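Input: a single structure, listed below in structure tokens.
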2 protein chains.
Amino acid sequence: MGLRERKKQRTRDALIDAALDLFLSQGYEATTIDQIAARVEVSPRTFFRYFASKEDVALSPTADEQEMFLAELVARPLSEPPFTALSQSMRAMLSILKEADGAEASRVVKAQRLVHSTPVLLGGAMRLIRENERRLIAEVARRRGTTPDDLQSQLVVSVFVSIGLLCMDGPTEDLSGLARRYEELLTLAERSLRPGWDLPVRAEAAPASVAS
Amino acid sequence: MGLRERKKQRTRDALIDAALDLFLSQGYEATTIDQIAARVEVSPRTFFRYFASKEDVALSPTADEQEMFLAELVARPLSEPPFTALSQSMRAMLSILKEADGAEASRVVKAQRLVHSTPVLLGGAMRLIRENERRLIAEVARRRGTTPDDLQSQLVVSVFVSIGLLCMDGPTEDLSGLARRYEELLTLAERSLRPGWDLPVRAEAAPASVAS
DNA sequence: TAATTTATGTCAGCTCATGACAGATGACAA
DNA sequence: TTGTCATCTGTCATGAGCTGACATAAATTA
């Protein structure tokens, strides 16, 4: 990789870190682009060459998470039932973050805390999640052998995502706490859902061993 | 009601209608506050005395909906299981909108279409919904005889809300179409959930007529 | 009608965000 | 090494969203 690209990556990371730190210490609205740019020693105009908006930089770790989750899901074996594949993707993502370079994990946790404590960012994060949800639905539909407009596929993704959101609701101290709450919610969800609810109709569990 | 209050209400409604029409015809971002104010013949400054932001006016019908829904839920008899109470509140709200003055219903449908076609407004709407979700959880928790931090209560609300969101995903032509899709999704949900999943643990259905 | 409260308009100012242009810097071939 | 090219960066100008301060106009109350 050339010097140019490395420099760009460093500037980008520096902008994210500076922004997150300023946002968390003095508040999102109270922080100006000028302050972020000054801390990284670039012009305010340059900030906007890296991020489309002030919101963009705050949500960039969340956007990365979404990409990561989708990538995990696509990589899951097709033999897994849809809801299982979703759950496992989340577990995989969490453990990757835990193993990975501390800088990235730190950004994710910081962004999580920031988003959760700033209403306008919460809205932005929800928008990202909703947009990714469409892609998740496409993947789940593929696994269920249906088109993306299949309501049951949409419901499967929707229920899973709502669990993820609940998970983010509590206070985020670190990744382990997040993982713990996630497992707890998953147990509750499985207790509330009918076995096989996420399977394609062809493979649905027979109600009382009666042939259809 | 005095003349002053009536005038204020008329100005407010006029601002909402002007904004929605402009947003829908030429796009949300492409519309300026000046244009909205000019159409109602007030100063731009006055606009901000009625609405905190450009987003606020676009989401005001959605915010009203949220208030309305919560009011319906609180009015539901305590004898109803939580998820039933939620479903019935939605039905009640839809039929009230259908009966009510056409202006309000028109605003709701317009806002729906607008929000669905404007990413930033989608985020804003999600924020409103999430904020109301906290109050819905409190009410559901009360009905289940738990505190608001009870995870199962949160799950009940979360699943219901995710159905509502799915409902809004499709194209919104009118209120009847919305109601139809809602019923369809509700049927699917009930088919996916275990009977009694939303009941307090004390009243949970026994798995096979075995006394606990 | 007079006094008080409240809504509105005007103005100045800040931040966010974008286009245009010029200068600086890394990439690459002769 | 040097010159050329592509790309990144800074400066400037501009417009839109939003807010505080103050004066004016309108409605309420006495």
Side-chain angles (χ1 to χ4, degrees), chain A residues 1-16 18-60 63 114-115 118-125 127, chain B residues 1-16 18-20 22-23 25-60 63 114-115 118-125 127:
Chain A
M1 195 192 297
L3 167 61
R4 205 162 220 160
E5 288 209 51
R6 268 181 292 137
K7 251 178 121 173
K8 271 180 71 173
Q9 191 57 50
R10 274 198 295 120
T11 304
R12 187 185 155 84
D13 287 346
L15 282 171
I16 296 177
L20 289 180
D21 287 343
L22 286 168
F23 290 161
L24 281 173
S25 66
Q26 59 183 14
Y28 174 73
E29 278 88 4
T31 304
T32 67
I33 306 288
D34 288 24
Q35 289 177 317
I36 302 170
R39 182 169 287 205
V40 186
E41 292 180 309
V42 294
S43 77
R45 188 64 183 89
T46 293
F47 172 90
F48 286 108
R49 292 206 172 89
Y50 284 87
F51 300 98
S53 66
K54 184 169 154 182
E55 193 181 277
D56 190 21
V57 66
L59 294 180
S60 111
L114 174 64
V115 166
T118 310
V120 60
L121 290 181
L122 195 65
R127 177 172 48 77
Chain B
M1 196 193 296
L3 167 61
R4 204 163 223 160
E5 290 210 49
R6 266 180 293 137
K7 253 177 118 172
K8 270 181 71 173
Q9 190 57 50
R10 273 197 296 121
T11 304
R12 189 184 153 83
D13 287 344
L15 282 171
I16 295 177
L20 289 180
L22 285 169
F23 291 161
S25 66
Q26 60 183 10
Y28 174 73
E29 278 89 6
T31 304
T32 67
I33 306 289
D34 287 23
Q35 289 176 317
I36 302 171
R39 185 169 285 206
V40 186
E41 292 180 309
V42 293
S43 78
R45 187 67 183 85
T46 293
F47 172 89
F48 287 106
R49 293 204 171 91
Y50 283 88
F51 300 99
S53 65
K54 184 171 154 181
E55 191 181 281
D56 191 20
V57 66
L59 294 179
S60 113
L114 175 64
V115 166
T118 312
V120 59
L121 290 181
L122 195 66
R127 176 172 47 77

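Worth knowing before you read on, the calculation uses all heavy atoms, side chains too, and leaves out hydrogens, waters and symmetry mates. So you know, we letter chains A, B, ... as the sequences are listed, proteins then strands, and number each from 1. Just so it is clear, the structure is predicted and the values come from calculations on it, not from any experiment.
As a whole-Å value, the separation of A/Arg12 CZ from D/dC8 C1' is 16 Å. Atom CG in B/Leu15 sits roughly 16 Å away from atom C1' in D/dG17 (whole-Å rounding). With rounding to whole Å, B/Glu5 atom CD is found 12 Å from C/dT8 atom P. At whole-Å resolution of the value, OH in A/Tyr50 and C1' in D/dT7 are 11 Å apart. Remark: C1' of C/dA7 and CD of B/Gln9 are 15 Å apart, rounded to the nearest angstrom. Atom CD of B/Glu29 and atom P of C/dT18 are 11 Å apart (whole Å). When the P atom of D/dA16 is taken as reference, atom CZ of B/Phe23 falls 14 Å away, rounded to whole Å. Atom CD in A/Glu41 sits roughly 14 Å away from atom P in D/dT9 (whole-Å rounding).
Residues B/Ile16 and B/Phe51 form a side-chain contact, since some pair of their non-hydrogen atoms from C-beta on lies under 4.5 Å apart. Taking the side chain as every heavy atom from C-beta outward, B/Glu55 and A/Val120 never approach each other to under 4.5 Å. Residues A/Glu5 and A/Gln9 form no side-chain contact, since every pair of their non-hydrogen atoms from C-beta on lies 4.5 Å or further apart. Under the 4.5 Å side-chain criterion, counting only non-hydrogen atoms from C-beta, B/Tyr50 is not in contact with B/Asp56. Looking only at side-chain heavy atoms (C-beta outward), A/Val40 and A/Phe47 stay at 4.5 Å or farther from each other. Counting heavy atoms from C-beta outward, A/Phe23 and A/Thr118 have side chains that stay 4.5 Å or more apart.
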Reading nucleotides 18-27 of chain D from 5' to 3' and marking B where a protein heavy atom lies under 4.0 Å of the base, S where only the sugar-phosphate is that close, and - otherwise, the string is BBBB----BB
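Contact check, B/Thr32 against D/dA16: no side-chain N or O comes under 4.0 Å of OP1 or OP2.
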